[in-house]
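Let me begin by presenting the structure, written as structure tokens, before commenting on it.
Chain letters run A, B, ... following the sequence lines, proteins first, then strands; residues in each count from 1.
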Number of protein chains: 2
Amino acid sequence: MSSHGKEIAIALGKLLRRDVRQRIYVSLTDGVGEGVNESTYPVLSGLERCGSATAAELSAVLGLDRSVVSRHATTLEEAGLLNRAPDERDRRWTALTLTDAGKRAVEVMRERLHESIDDFLSEWPDDQVSVFTTILTAFTTNGPIADRTP
Amino acid sequence: MSSHGKEIAIALGKLLRRDVRQRIYVSLTDGVGEGVNESTYPVLSGLERCGSATAAELSAVLGLDRSVVSRHATTLEEAGLLNRAPDERDRRWTALTLTDAGKRAVEVMRERLHESIDDFLSEWPDDQVSVFTTILTAFTTNGPIADRTP
DNA sequence: TATTGTTATACTCTATAACTATA
DNA sequence: TATAGTTATAGAGTATAACAATA
């Protein structure tokens, strides 16, 4: 019944710091390729998860305006990491799809991320890591952090 | 020996989203007072932890440039939440100190934060919450997120 | 000479608004 | 009429640079 709110609040505060965020994304994206940075990474990553999507669909997933996604898509397109194509379902839409180079870039960054996380977690017993993962996932899905808009 | 890197990466990605960050800080600072927002909250909160500090000291703690801290301090000073005073230790310095109103504001926000976190965590067994807290704290202190500059 | 606080400036990122095309 | 994509504009926040004051 002890209260961990304070400790968690401190840890959360660190995570939300701009310089910390920046360091995370720089370590992820450094040297991966032209146009890949803190801002464009989520578009690249989100596209990999969705397979293929429109700017509007991605904007909902990423919590960004569709105009922002469109601009980042242009950057990534110019870098040869994604393609634009007319969407057959509705000719108002534009389907965004990763190129092979785009897929490779995501692969590299994912591996960096997962490896650095797993490296750190290897210090802890696996059952404790499972608990950590479960609660952290719940925290960002149903917790005080989650979107409550219906 | 299972790999939780992927799940944690997804949760982390959500936490780092701008709209999520904004929602967190709005829920914390909403209605607390003039000038209290996502940008100035860390200054207020950091000052509460340090007791009294200069802009340069705070800037190191918060990961911001001292010019930014100085400007936020002006905002908070104008709102009556902190005071500037010459620092006796060195007359080049300016000591920032919370006013009573500033202390009350921090108190309100801290309570909101801790309560919402504890509320969420009440669903989980206390020993699991302890594990979560321990690993999360380590994650932001020694983990892949932490500052490695000596 | 070096450091703090402050201010002015430039840069980055995002949201909003407006326009075009398609339904 | 309504919605997606795109582009232009404006706003917020930060870092950098420059200056004055003090050590």
Side-chain angles (χ1 to χ4, degrees), chain A residues 16-26 29 34-44 46-47 50 52-78 82-97 149, chain B residues 16-26 29 34-44 46-47 50 52-78 82-97 149:
Chain A
L16 298 181
R17 278 168 49 166
R18 176 193 160 85
D19 63 324
V20 171
R21 212 164 59 239
Q22 196 163 43
R23 197 162 53 234
I24 294 173
Y25 278 110
V26 166
T29 61
E34 193 75 23
V36 184
N37 54 42
E38 175 178 345
S39 303
T40 57
Y41 171 76
V43 175
L44 222 46
L47 206 48
C50 296
S52 178
T54 67
E57 286 166 343
L58 268 182
S59 74
V61 171
L62 303 177
L64 291 168
D65 191 82
R66 67 185 203 268
S67 66
V68 176
V69 174
S70 178
R71 192 153 10 79
H72 291 329
T74 299
T75 302
L76 294 168
E77 187 184 27
E78 287 168 353
L82 66 78
N83 282 323
R84 279 184 163 98
D87 194 311
E88 300 303 328
R89 297 172 291 173
D90 188 321
R91 282 194 297 178
R92 289 174 298 185
W93 302 354
T94 298
L96 305 173
T97 313
T149 55
Chain B
L16 299 181
R17 279 168 48 165
R18 178 193 159 85
D19 63 325
V20 171
R21 210 164 61 238
Q22 196 163 43
R23 197 162 52 234
I24 294 172
Y25 278 110
V26 166
T29 61
E34 193 75 24
V36 184
N37 55 40
E38 175 178 345
S39 302
T40 56
Y41 171 76
V43 175
L44 222 45
L47 206 48
C50 296
S52 178
T54 67
E57 287 166 342
L58 268 182
S59 73
V61 171
L62 303 178
L64 290 168
D65 191 82
R66 69 185 201 268
S67 66
V68 176
V69 174
S70 178
R71 193 151 13 79
H72 292 329
T74 300
T75 302
L76 294 168
E77 186 183 27
E78 286 168 354
L82 65 78
N83 282 323
R84 279 184 164 97
D87 194 312
E88 300 303 328
R89 297 172 292 172
D90 188 322
R91 280 194 300 177
R92 290 174 299 183
W93 303 353
T94 298
L96 305 173
T97 313
T149 54

Expressed in angstrom and rounded to an integer, what is the separation of [X] atom [atom1] from [N] atom [atom2]?
X	N	atom1	atom2	answer
B:Gln22	C:dA15	CD	P	8 Å
B:Glu38	C:dT14	CD	C1'	12 Å
A:Asp19	C:dC13	CG	P	16 Å
B:Leu16	C:dC13	CG	C1'	16 Å
A:Leu58	D:dT6	CG	P	12 Å
A:Arg66	D:dA8	CZ	P	16 Å
A:Arg21	C:dC13	CZ	P	11 Å
A:Leu64	D:dG5	CG	P	14 Å

query = Any idea which heavy atoms bring B:His72 and B:Val43 closest together, and the distance?
reply =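 The answer is CB-CG2, 3.9 Å.
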inquiry  = Ignoring hydrogens, what is the shortest heavy-atom contact between B:Val69 and B:Leu58? Give both atom names and the distance.
reply    =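 Heavy atoms of B:Val69 and B:Leu58 come nearest at CG1-CB, 4.1 Å.
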task = Would you classify B:Arg71 as touching base, sugar-phosphate or nothing, given that sugar-phosphate means primed atoms plus P, OP1 and OP2, and contacts are heavy atoms under 4.0 Å?
result =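 Base contact.
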message = For a quick test of reading the model: is some side-chain N or O of A:His72 closer than 4.0 Å to OP1 or OP2 of C:dC13?
response =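 A:His72 to C:dC13 OP1/OP2: no side-chain N or O under 4.0 Å.
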request  = For D:dG5, take OP1 and OP2 only and decide whether either is under 4.0 Å from a side-chain N or O of A:Thr54.
outcome  =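 For D:dG5, OP1/OP2 do have a side-chain N/O of A:Thr54 under 4.0 Å.
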task = List in numerical order all residues of residues 82-92 of chain A for which some heavy atom is under 4.0 Å away from an atom belonging to DNA chain C.
result =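 Result for residues 82-92 of chain A: A:Asp90, A:Arg91, A:Arg92, sorted by number.
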[Y] side chain reached by [X] side chain, heavy atoms, under 4.5 Å:
X	Y	result
B:Val68	B:Arg71	yes
A:Arg89	A:Thr54	yes
A:Ser70	A:Arg84	yes

request  = For B:Glu34, look at atom CD and say whether over 12 heavy atoms of other residues, nucleotides or ligands are found less than 6.0 Å away.
outcome  =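 Check fails, neighbour count at 12 or below.
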Selection from D:dG13, C:dT4, C:dA15 that lies nearest to any side-chain heavy atom of B:Ser39 =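 Ranking D:dG13, C:dT4, C:dA15 by closest atom to the B:Ser39 side chain puts D:dG13 first.
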message = Heavy-atom nearest nucleotide on DNA chain C for B:Asp65 versus A:Ser67: which residue maps closer to 5'?
response =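 Closer to the 5' end of DNA chain C: B:Asp65.
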request  = Could you tell me whether a side-chain N or O of A:Ser52 sits under 3.5 Å from a main-chain N or O of A:Leu96, the two making a donor and an acceptor?
outcome  =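 Here the side-chain-to-backbone pair exists.
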